[in-house]
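The structure appears below as structure tokens.
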Amino acid sequence: MRARKVVIIGGGVAGMQTALRLRALGEEPIIIEREAQLGGKVRNWYLLFPTFIPSADVVEPLMRAVKEQGIEVHLGCEVVQFDNHRVELADGERIDCDAVALCSGSTIFDARLKEEYGYGIYDNVYTSVDIERMMAEGRMPERSPRRVAILHCVGSRDEKVCQRHCSKVCCITGVKQAIELKKLYPKADVFNFYMDIRMFGPGYEELYHTAQRNYNVHFVRGRISEASPLMDGCIQIKAEDTLTGRPLRMSVDMLILLVGMRANDDNVRFAESAGLRLADSGFMRAADLFAGNVRSSREGIFYAGTITAPKSIGEVLNEGVVVADSIVDYLNKQEG
Amino acid sequence: MASVNFGFGISKPRVIDIDRNNLRKSDEILLEMPELQTCIGCGSCTASCTAGNLTSFNFRKVHALVRRGEYAGAYEEMNKCMLCGKCRLLCPRGINTRGVVMLIKRKLGDF
Amino acid sequence: MNFYAPFTLPFIIGTIILFIVLAWKYVSWFVALTHEDKRLVAKGVPSLATLRSVWEVVRESLLHVRIFRIDPRLGYMHMSLALGWFLLIAVGWIETMAYMGFAPVPLQGHVFFKYFAAQGVVTEHKPYFDFVMDLLLAFVLSGVALAWFKRFSSRSLGMRRATKHTTGDRLAMSFLWFIFPLRLVAESITVALYGGGSFLTGSCGSLLASIFGERLLSYAFEPAWWLYSIALGGFFVAMPFSRYMHIFTEIPLIFLRNYRLRPREEKGAIDYFEVQSCSRCGICIDPCQLQADLGIHDVQSVYFLRDRRYNMLKQSVANNCLMCGRCEAVCPVGINLNTLRLNSRALMRNIPNERRYGYFRDIDRSEGSGKVGYFAGCMTLLTPRTMSAMERIFEAVGDQVWWADRQGSVCCGRPLKLSGETDSAHKMMEFNRSLFHKHGITTLVTSCPICLKTFKEDYALEHIEVLHHSEYIERLIASGRLVLERGDVRYAYHDPCELGRGGGIYDAPRTVIEAVGELAEAEHNRRNALCCGSSLANTAITDGQQLKLASRVTDELEATGAATIVTSCPLCKKALQRTAKGGVRDLAEVVAEALPRK
Amino acid sequence: MRRTKWEEYQKDIADDKYYYARSCIRQNFFPGSEKAFLDILRNDLGKDIFDDPLHTSCTGIGYHSDIVPFETIMTVVARQFALMHEAGYENFTSSCITSFGIYTEILNTWEEFPETEERTRENLFKATGRELVKPKSLAHTSDVIFHLRKEIAERMKRPLVNALTGEPLRVVEHIGCHYAKIFPKSGIGGSEFPYVLAGMIESWGGEVVDYPERRHCCGFGFRNYLVQANRGYSVANSQKKLESMAPYRPDFIVCNCPGCSMFLDKWQYTIAEMEGTTYGAHGHGIPVLTYEEMAGLVLGYDPWELGMQMHAVDVEPLLEKMGVEYDPSTKYLGPKGKYIGKPAAAAVNCSAGVTLYDIKK
């Protein structure tokens, strides 16, 4: 039986896992990655929740394996359009294939759109992505902040920025970063401002408990409504402490916005060119949410990773395996 | 029945007694503005509130009480609102908060 | 000549009723005018304003110049009916006089002259009159035909939607539509039987005679005149109670308006003239974004005025309006639609209560001191970029600034005023006014057009000049105090309603944009600019509906090809940000960025 | 499940030889009840119970009102135990629930903190020269009746049955908070499934009525009652219970705590006078009985001898239901036939009459 070509759009953890699994099953995967490097967003993360392992422990073995397996990788390539038998790249190249796995992930919400939080206006307002990068690069401020506020649900569950969905991983990221901050600055007070705490994964609730119990992280049920600068360079934030029913204000030296995942702008173009369906959130709509959650509405086009919805890294890696199996299954049926 | 004064009154229960509360107005309010049910109580409205900055006015609490049929005082409380509309710009559920204020005032003020 | 015939009775009765009702209405409204208004009238009558009014009556009530500007076809339709009918009456009158000299002729004698003069002497100028009258009748009939056609296809007359009328209005309209065709029939039969007539009635008469024969026509002669009289009488009775009340009311309104009478915050007698001047032409429907984008069909000004006139106005209708002023800008009668809506809301919602807002006492959270005061406004507190840009601009020119509300303060009062709670709004205005005076500022700059409008219109600030930040920046540039580096970025400018139509400030922001980059104009701009949809005046539409309105606006702004949208209102900025693909900036932000780097 | 749950909480109750400690409230407001208790034990059941004239109040009301310090009350309690030992008894029974709670609390304190027991022992010796000997068993007097309920049932003359219909009487039982809410193990059935009164009712033919606010406090609350301005809160608690039980149409309420018997009874009078509301049948209040009175009626005692004329809510409707023969003319005659005075007519007894007390007048 000849090896069948499967084009994988996106070389993040989802794409690499899919490729590796396909190769293991004897197929010929081709990865197309927009960036100059494989690894996607996970490469930028510092330690991963809930076990605090370095993100490199997840990404690097995958990258190594892709190299070792000699999987064909196109870097710095953007896909213009595709259908289940052909993928067209920005440089004009066309790749004929037997199936396509769309693993192009999602986009981080631009915190500047929530202007009232002052991101990009005041120096000490950061996004969770900034913090990951600063932690990884060891660029966190030397001087311990007196107080840090971490705001959940920035660009998630918010009609005002047209992002109605829950980004799922921000809550646990907020807890993780709170612990990291407490480890780094034991004297700092860390406050998490949340609307609902959603601890859906294994070990998450325990980590939440640890943050409260062992690290004395404060959790305030209320969403910050405004941030404004103070004379001394601190940020004054306003929220309602909804559990006491009173407005709360405090000055913080650092405000961290837990930015959510939103659908890629590309999705619309892809959906149009390949005849796929979008969910209301702008993410791709899977064939169904049970047995067909890696299949699209079109034959031969599959999904893995956060292209369909926000997911944790573990879930994404599982999907990579599942999608490869589904693709092989499909290809076998095609050949009868 | 004569009401005798013993020098003290009988304390009214603090409980929100849904069985006893008359939910008619609450139902009417929710019928006109069903989106009010989508409030997740994040408190953005109250935190940014221009009036809440100067008084004890708590929009989230007042409308929550009204929804439970606790109308006492809600009308006058809503009259602390300046209708400036900051809350409407912030509500993550897109609730028409100014409309809620006006609706509650209309329903509870009987006009 | 005997000017009595039984068929004239419906006409006579109708006319008498019409004039009694009209007299009763006008007298009672006039009596109810406030003392101040009456004084204005007394002062205005012997002035030039009267002459101006006469000219305006000719232009607007007869020629309908404003409607011509909106659409020539629509203008012709209205003109043919108004001017045509007026001339028919006037020329008819002259014709009668030409026959009778200055002898007293009863009203029906003028109106049904063709009937009474049918068997009379033929004078030498009769053919000329016949011709002129036929011409005028043809003119009016063309208008009726257009009106009739408009009912079926308003689009072909430049209106996407026509008014949905009430049954009463439809009845009155039917009478009106029948008057002229019936007149044509009656006159044609008369001509066929007794001769005369010109190209229209003459040829129609011959045609009728050839089809039905003279015998049959002689039977139809009296009934035709009866029907014509009934149509006229019926219309006259319906007129003061229907939309056609506008025909006469517009005339006193033009005079009163030229005497500077205006509707106010509270309902007043002048409102009757305004409300009943609405012809329900429906021109206000098309510009209404609630109609065009949201498919809300029952709240537009025409329906609002109708409901208000017949005392069936509901809060849901009164509240559901953006008060963007797009309808007011096109109203051919120039009715103060926003003010009327405001005082309707006030009537429904204003419940004075002395104790309310007592918490304002002794609040002063202002910072700094200077002759220039800056009032950010509640909304600007949510757009800190605007505020920090203003701070940089103040710094660049070295103005000492008193910051009125950076730490939050009392609202300007306009939102409550817009919702009809006038008394409460005045408490806020009173508070802020004394705050401004206490701090001794001479210039008050605000970046919120909502605040600006109320500062200018309601605050009566003595010795304090109120400026929108666009005007303030424009002045700084003009005086050379602010030097900016011009880039080549294209900015699409969005006119905020309260600033543009509400405050007449269109040029200042444009001048400022041109000082920093290139200005791109959207399809609808200036007086026709679209509303962002988040207007504080509307408390009825949902978030989703606001979003829909905003996306229409951003689509249009983005169609200019400009990368950045600029506006000068925090509310518009917030609203447009939700749907814009590129950035949405406040005017101050782009100015602050163009400040020379130190 | 509820029926058996109580069995997990059991305690040892002595069979005989009790030392009796009286209750301040019971002996003042329902003196007949205490006498009936002694009579039932001695005469009907032939038990040895010692009513010691030397013993005093436990000072519990003072303690719970922050007037009597803990050291003081421990010494008072130690004296009671010393008296018991001197009298040759070792099974302590108290008539009052507040006292019972205090005895339990102090015995537990001594167990947990032996040094306090030592200090108390010294204090007692210094003050009175007496020697503290802790009791072998501690029981509330309702525990004793519960323990002997079957023996009483054997001697039963009038079961808790509606004499007209033959249906069991519907009885609401109310357990004093300090009986088992502080130390659940000290009560029969614990704090959640108290069975001490329910056991009596079921053994004697009645039906226990369960209702939503069954476990709620009567509202006594010491400070809440003692300060006039706070009484509204006290009444509100009774009212909450009464409102909750009224729809179940109970025939009477029975309490094991003297305070509860008093407040559930007298607050009915107050509510009726203030608001015109009554909670029993035909505009009448719900009669409130002590468990001694209930036992006495079951054993055929005369209601007036039991002191049932001391209630604010008249008990006659209940007596008629049970078919108890009584002489209305002797209601207000004391044991020696002397007139003891008659309360004014009250709304709670379906009378529009004069009220005893109105602060306005």
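Note: hydrogens, waters and symmetry copies are ignored here, and every other heavy atom, side chains too, is used. All values reported here derive from a predicted model rather than from experimental measurement. The chains referred to below are lettered A, B, ... by the order of the sequence lines, with proteins before strands, and numbering in each begins at 1.
- Within the 4.5 angstrom heavy-atom criterion, no atom of B:Cys49 approaches chain A.
- With a 4.5 Å cut-off on non-hydrogen atoms, A:Glu116 touches chain B through its side chain but not through its backbone.
- Minimum heavy-atom separation, B:Ile40 to A:Arg157: CD1-NH2, 3.8 Å.
- Using a 4.5 Å cut-off between heavy atoms, A:Arg164 does not touch chain B at all.
- Within the 4.5 Å cutoff, the side chain of B:Asn53 has heavy atoms near those of the A:Lys238 side chain.
- Annotation for B:Ser48 and A:Ser225: closest pair N-OG, 3.3 Å, computed over non-hydrogen atoms.
- Heavy atoms closer than 4.5 Å to chain A are found in the side chain of B:Arg60, but not in its backbone.
- Residue B:Lys61 holds its NZ atom at 8.0 Å from CD of A:Glu240, rounded to the nearest 0.5 Å.
- Heavy-atom pairs under 4.5 Å with chain B were tallied for A:Gln163, A:Lys114, A:Glu226, A:Arg246; the largest tally goes to A:Glu226.
- Dense packing is recorded around CG of A:Asn44, with more than 12 heavy atoms of other residues, nucleotides or ligands lying under 6.0 Å away.
- Note: A:Asp158 CG to B:Leu90 CG = 8.5 Å, rounded to the nearest 0.5 Å.
- A:Arg147 CZ: more than 12 foreign heavy atoms inside a 6.0 Å radius.
- The main-chain N or O of B:Arg88 is found under 3.5 Å from a side-chain atom of A:Lys160 such that the two form a donor-acceptor pair.
- Around CG of A:Asp280, the count of heavy atoms belonging to other residues, nucleotides or ligands within 6.0 Å does not exceed 12.
- Shown here for A:Pro247 and B:Gly52, the closest heavy-atom pair between the two residues is CG-O, 4.1 Å.
- Within a 6.0 Å sphere centred on NZ of A:Lys187, heavy atoms belonging to other residues, nucleotides or ligands number 12 at most.
- Of all the heavy atoms in A:Met195 and B:Pro92, the pair that sits closest is SD-CG, 4.0 Å.
- Counting heavy atoms from C-beta on, the side chains of A:Arg223 and B:Ser44 come closer than 4.5 Å.
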